[in-house]
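Please read the structure below before turning to the comments.
Within every chain, numbering begins at 1; the chains are lettered A, B, ... in the order of the sequence lines, protein sequences first and strands thereafter. Note that the structure is a prediction, hence the values are computed from the model and not measured.
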Protein chains: 2
Amino acid sequence: MSPRRSAQDTLATRDKIVDRARLLAASDGLEGITIGRLADDLGMSKAGVIGHFGTKETLQLATFAAAVDVFQHEVIDRVTGMPPGLDRLLRLCAAWLDYLDDGNVSPGGCFLTAAASEFDGRPGQVHDAVAKAGRRWLRFLEAQVRAAVDAGDLPGDTDTEQIAFELNGIAVGTNQVIQLHHDPRARERGWRAMRRVCGALG
Amino acid sequence: MSPRRSAQDTLATRDKIVDRARLLAASDGLEGITIGRLADDLGMSKAGVIGHFGTKETLQLATFAAAVDVFQHEVIDRVTGMPPGLDRLLRLCAAWLDYLDDGNVSPGGCFLTAAASEFDGRPGQVHDAVAKAGRRWLRFLEAQVRAAVDAGDLPGDTDTEQIAFELNGIAVGTNQVIQLHHDPRARERGWRAMRRVCGALG
DNA sequence: GAATATAGCGAACGATCGTTCGTAAGGTAA
DNA sequence: TTACCTTACGAACGATCGTTCGCTATATTC
């Protein structure tokens with residue numbers, strides 16, 4: 001008895017820690033992650049948990065990276081392979097809203113938005129990682145808008161950065177209404193707003 | 001020597017605590033407020049600080065209420081007295097953006113947005129207060145849009161709730177870009193987006 | 001089979017958390 | 001002056017924080 005873990009299982013342990021930390025952070029924030037609570041939840045010792053990362057900050061970085069991976073998988077990967085253009089942009093927006101609206105895939109709402117709000121005023125590696133991810137996403141979004149312009153789906157004089165800015169705002173606002181007010185109409189309102197911003201509405 | 005406080009000063013002490021707590025929460029969140037740090041900053045004992053509130057949660061509630069007061073003073077009060085209509089709505093939006101963009105009046109960004117992100121997934125009185133304030137603000141915003149419709153400045157079939165939803169999204173998104181990316185163009189982008197949402201742009 | 005590396009444990013560390021208690025010092029009212 | 005009431009203090013409380021240490025047990029490599 002007393003089944004010991006193999007080296008294979010060890011990698012899985014780290015993933016399990018990060019996975020659980022993602023859940024904890026979803027409700028209590030990245031700073032609300034606690035080694036002790038994490039250890040209790042996983043039936044491990046505190047030393048066993050922190051041993052995989054060395055530092056809480058490293059654990060936070062790993063947790064945030066995992067959340068970004070989920071976002072990548074649930075939103076961005078949904079449109080890879082589609083031809084550039086307005087269809088692809090709108091499909092990206094729909095996947096984005098799906099992500100925000102699905103409590104299973106994004107419990108606690110958009111992880112990036114929450115982390116941005118939590119760390120925007122503090123120094124450190126976590127802040128830098130969050131800011132970098134936010135900038136990367138905004139730039140990706142703008143590239144999709146530009147692609148729609150290049151495809152002739154949007155006017156040539158479109159301010160692509162402005163469109164990306166507005167789409168991001170609608171998403172963040174939709175996330176707030178969903179999480180704080182649990183308004184079931186938020187997704188539909190966000191979708192209508194995004195289509196209007198993209199000029200795909202009367 | 002050793003100047004003792006009068007009963008007059010006592011009220012001022014409570015205000016000083018809340019004021020300092022507002023600053024602390026602006027960077028570390030309402031949960032990041034610490035009795036010990038508060039006491040150190042104010043040159044008081046921990047017991048002297050918590051004695052005014054009894055509980056940290058009560059202190060958080062007082063701090064949030066103070067932040068709401070600032071918002072009321074800086075944004076809403078700026079348009080009281082103006083005749084209802086599109087002018088008043090746009091003036092409200094401008095005051096809103098001013099509030100978001102002024103690091104002195106709102107250090108750490110929009111307090112309500114930050115508190116919403118921090119407490120949207122937790123139970124308790126603070127969550128309830130934040131949710132209530134958020135709902136109140138959205139309803140007030142919608143009332144301003146409806147007033148503009150009634151004044152004939154906006155089409156009669158305007159979806160006032162949708163407009164309020166979009167304005168809120170733009171504001172929250174503008175706040176995120178200002179706080180996380182320190183982009184000086186964010187205010188102007190927000191203003192353009194709001195005017196477009198209100199139909200006040202070509 | 002011997003040597004090495006890795007994973008995880010239990011225990012302990014100093015620090016800080018929110019909160020409680022008893023007390024001293026002033027202001028206020030009799 | 002006497003009797004309160006408020007304000008704030010110092011000290012201590014149990015709990016929990018992140019982190020470190022030495023040790024055991026397994027897996028891997030020679």
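Here the P atom of nucleotide C:dT6 and the NE2 atom of A:H52 are 13 Å apart, to the nearest Å. Straight-line distance from the CD1 atom of B:I35 to the P atom of D:dA12: 21 Å, rounded to whole Å. Taking atom CZ of B:R37 as the reference point, atom P of C:dC17 lies 9 Å away to the nearest angstrom. Taking atom CZ on A:F53 and atom P on D:dT20, their separation rounds to 15 Å, with Å as the unit. The distance between atom CE of A:M44 and atom P of C:dG10, rounded to the nearest whole Å, is 11 Å. Here the C1' atom of nucleotide D:dC17 and the CG atom of A:L59 are 14 Å apart, to the nearest Å. In this structure, A:K56 places its NZ atom 12 Å from C1' of D:dT16, rounding to the nearest Å. A straight line from NZ of B:K16 to P of D:dT7 spans 15 Å, rounded to a whole angstrom.
No more than 12 heavy atoms of other residues, nucleotides or ligands lie within 6.0 Å of CZ in A:R91, so this atom counts as exposed by the packing criterion.
Relative ring orientation between A:F64 and A:F111 is described as tilted, the plane-to-plane angle lying within the 30° to 60° band.
Ring centers of A:W96 and A:W137: under 6.0 Å apart, within the cut-off.
A salt bridge links B:R22 with B:D19: at least one charged nitrogen is closer than 4.0 Å to a carboxylate oxygen.
When the nearest nucleotides of DNA chain C are assigned to A:K46 and A:V49 by heavy-atom distance, the more 5′-ward of the two goes with A:V49. Judged by closest nucleotide on DNA chain D, B:A47 is the one of A:E31 and B:A47 placed further toward the 5' end.
When distances run from any side-chain atom of B:S45 to the nucleotides D:dA8, D:dC21, C:dT19, the shortest one goes to D:dA8.
Among the atoms of the strands shown, only primed sugar atoms or phosphate atoms (P, OP1, OP2) are found under 4.0 Å from some heavy atom of A:I33.
Contact annotation: B:T13 reaches the phosphate of D:dA8 (side-chain N/O to OP1 or OP2, under 4.0 Å).
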